[in-house]
Enquirer: 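To start, I am sharing the structure in question, which I have written as structure tokens.
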Amino acid sequence: MSDLLETAHPGADVLAAFEGATGFMPVDEGLALYAAAVTAARRTGLPVLEIGTYCGRSAILLAGAARETGTVALTVDHHRGSEEQQPGWEYHDPELVDPQVGLMDTLPRFRRALHAAGLEEHVVALVGRSPQIAALWGGRLGLVFIDGGHTDEHATGDYEGWVPHLAPEGLLVVHDVFPDPADGGQAPYRVYLRALAEGFEEISVTGSLRVLRRTAG
Ligand code: SAH
Ligand code: MG
């Protein structure tokens, strides 16, 4: 099945920037995301889009893939953090609170990371709520990477909002897919199951990262 994805590997500069960035993506999953993005961009010639920028860790890989293939990486986030990243929750990082506003703001760290990686010109950052942006989006996409909020409301909203913009030859990637509830929340897994029921098939599995394409039929 892996021949359905190109064996693309990020250069040392992109890999180092990714590994140095704050975020929630292991290296093996990142490499699979990069290969999916290069494959999708080459196949469609269209931009790749991520929901869930956070501090830009996975966005750096998408930016590298966009640079490699001559397209652009779009990344969507309101930058106020997901539920589990709020004060008092498991994934809260107090350094990411804007002291003037008293709310999370991951945009500055994301922009610094992208700048340091030399990848700014390959990324368009869309700051806002995913369903709002999806509702007014007009362009076709080569890849949709769902890595935003982990509640059913958010994960479903990302799927319903963005998959209609995915080109027929495009790829859908879902992060944090945990079939066993002991390993993590189930909303991304439910989105993944829904995609399989609605005309997608799996072409690669790396940890919790699943790459899907539309079935031929
Ligand atoms: N891809 C990142 C991790 C993303 S964490 C990495 O590689 O590290 C999830 C992000 O989704 C958070 O930054 C949060 O602010 C964002 N998010 C959650 N729900 C959202 C929504 N409805 N619209 C936009 N962004 C959302
Ligand atoms: Mg994730």
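All values reported here derive from a predicted model rather than from experimental measurement. Remember, it's 1-based here, ligands and their atoms both numbered in the order they're listed.
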Enquirer: Quick one: do the Glu29 and Tyr34 side chains pair a donor with an acceptor below 3.5 Å?
Expert: no

Enquirer: With the criterion set at N/O pairs under 3.5 Å, what does the list of contacts between the protein and ligand 1 look like, atom names and distances included?
Expert:
| unit_1 | atom_1 | unit_2 | atom_2 | d |
| --- | --- | --- | --- | --- |
| ligand 1 | 1 (N) | Gly52 | O | 2.7 |
| ligand 1 | 1 (N) | Ser58 | OG | 2.8 |
| ligand 1 | 1 (N) | Asp147 | OD2 | 2.7 |
| ligand 1 | 7 (O) | Ser58 | N | 3.0 |
| ligand 1 | 7 (O) | Ser58 | OG | 2.8 |
| ligand 1 | 8 (O) | Phe24 | N | 2.8 |
| ligand 1 | 13 (O) | Asp77 | OD1 | 3.4 |
| ligand 1 | 13 (O) | Asp77 | OD2 | 2.7 |
| ligand 1 | 15 (O) | Asp77 | OD1 | 2.7 |
| ligand 1 | 15 (O) | Gly81 | N | 3.0 |
| ligand 1 | 19 (N) | Gly149 | N | 3.4 |
| ligand 1 | 23 (N) | Ser130 | N | 2.9 |
| ligand 1 | 25 (N) | His78 | N | 3.4 |

Enquirer: Val14 vs Arg67, test: side-chain contact (heavy atoms from CB on, under 4.5 Å). Steps then yes/no.
Expert: CA-CA 10 Å; Val14 172; Arg67 181 175 68 184; 3.4 Å; yes

Enquirer: Just so I know, are the side chains of Phe110 and Thr22 near enough to count as touching, which here means a heavy-atom distance under 4.5 Å?
Expert: no

Enquirer: Cut-off 3.5 Å, side chains only: do Asp158 and Ser130 have a donor facing an acceptor?
Expert: yes

Enquirer: Hey, what's the ring geometry for Tyr159 with Phe200, parallel, tilted or perpendicular (30° and 60° as the breaks)?
Expert: perpendicular

Enquirer: Any side-chain heavy atom of Leu5 within less than 4.5 Å of one from Val211?
Expert: yes

Enquirer: Does NZ or CZ of Arg57 fall inside the cone over Phe24's six-membered ring, less than 6.0 Å from its centre and within 45° of the axis?
Expert: no

Enquirer: Is the closest side-chain donor-acceptor distance between Glu202 and Tyr192 under 3.5 Å?
Expert: yes

Enquirer: Closer than 2.8 Å to the Mg ion (ligand 2), what protein N/O/S atoms do you find?
Expert: Asp147 OD1, His175 ND1, Asp176 OD2

Enquirer: Check this for me: does any side-chain nitrogen of one of Glu160 and Arg194 sit under 4.0 Å from a carboxylate oxygen of the other?
Expert: yes

